[in-house]
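Chain naming here is simple, since letters A, B, ... match the order of the sequence lines and numbering starts at 1 in each.
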Amino acid sequence: MFMKRNLVELPIPTRDGIFLAHYSKKGLAELNFPVGSARRADQWTLRRSVPTKIKKWHRTTETALKKILAGKKSKLPPLDWTGKTEFQKSAWKQMLKISPGKTKSYGEVATAIKNPKAVRAVGGACGANPIPVLVPCHRILAANKKLGGFSGGLDWKRSLLKREGIKFDV
DNA sequence: CCCACAAGTCGCT
DNA sequence: AGCGACTTGTGGG
C-alpha cells in the first residue's frame, strides 16, 4: 500500500519514453519507467507549484537519467529513501558504487553489506528499489552471470546491459 | 507472532 | 543441464 504524501511528479522525456519522477521535500523518492501509453506529459507537470529546489533536482535527475541510459556515469540528485528499511538502503548504496559497464552478483552485494547469506534478500531489495536506472539494480547479475529477474520487465534489463556493453549469459 | 514468498546459490544427480 | 535444499529480509494474516 502506498501512503501517498505530497509528492511532486515531473516527467522526463527520453528516447526510451517518458519517465516519471516523484519528488518529496527531501529529494527524489521514486522514478517510474515510461507508462504504457505515453500521453500528455503536461498532465503531470505542476510547474507553478514546483519549488525552485525541486526544479533544480529535476534538472539533475534528467541529465543523470539520460547519461545513464547512454551508459555513462553521472551525478545524482539527492535521494529520499524515507520509510525504507536499513537493509534496503545498504543494498542500494552498494549498488550506487557500481560503475557503468561493470556488474556485481547478488552474492557480492550481500557480502559487501556484511550479510553474505542474505543473497535472496538482496534480490528482494532490488525489486523494492523505487529508483531504477539511477540506482543500477540492472547491473546485478546472478552468480554465474545469468540475468536473474527484473521487476520492471526483463526487456529493460537486457537492453540497459547491452547498452553498457555488459555481457551476460542466456 | 507465525508463515509463505522472492530479481539467489550451491551441491548432487 | 536439471532439481532440490538451505538461507535471509519482508509483507500479510
Query - Check: V8(A) and H22(A) side chains under 4.5 Å, non-hydrogen atoms - result: no
Report which part of the nucleic acid [X] touches: base, sugar-phosphate, or nothing (heavy-atom distance under 4.0 Å, all strands).
| X | result |
| --- | --- |
| F150(A) | base |
| G124(A) | nothing |
| A118(A) | sugar-phosphate |

Report summary line: Note: A128(A) and Q88(A) closest approach over all heavy atoms is CB-NE2, 3.4 Å
Whole angstrom value for the distance that separates [atom2] of [N] from [atom1] of [X]:
| X | N | atom1 | atom2 | result |
| --- | --- | --- | --- | --- |
| E86(A) | dT8(C) | CD | P | 19 Å |
| D169(A) | dG8(B) | CG | P | 15 Å |
| Y106(A) | dC10(B) | OH | C1' | 17 Å |
| N129(A) | dA6(B) | CG | C1' | 16 Å |
| N115(A) | dA6(B) | CG | P | 21 Å |
| L147(A) | dA7(B) | CG | C1' | 10 Å |
| M95(A) | dG8(B) | CE | P | 12 Å |
| R120(A) | dT10(C) | CZ | P | 15 Å |

Look at the side chain of [X] and decide which nucleotide, out of [options], has an atom nearest to it.
| X | options | value |
| --- | --- | --- |
| S105(A) | dT9(B), dT7(C), dA7(B) | dT9(B) |
| V119(A) | dT9(B), dG9(C), dA7(B) | dT9(B) |
| A121(A) | dA7(B), dT10(C), dT8(C) | dT8(C) |

Query raised in the report: Got more than 12 heavy atoms from elsewhere within 6.0 Å of NZ, K89(A)?
Result: yes
Query raised in the report: Which class fits the ring pair F19(A) and F33(A): parallel under 30°, tilted 30 to 60°, perpendicular over 60°?
Result: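 Answer is tilted, since the angle falls between 30° and 60°.
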**Report entry** Counter-base of dA6(B), judged by Watson-Crick or G-U geometry with both distances under 3.5 Å
**Finding:**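 Matched dA6(B) with dT8(C) under the 3.5 Å cut-off.
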**Report entry** N/O donor-acceptor pair under 3.5 Å between R139(A) side chain and M95(A) backbone
**Finding:** no
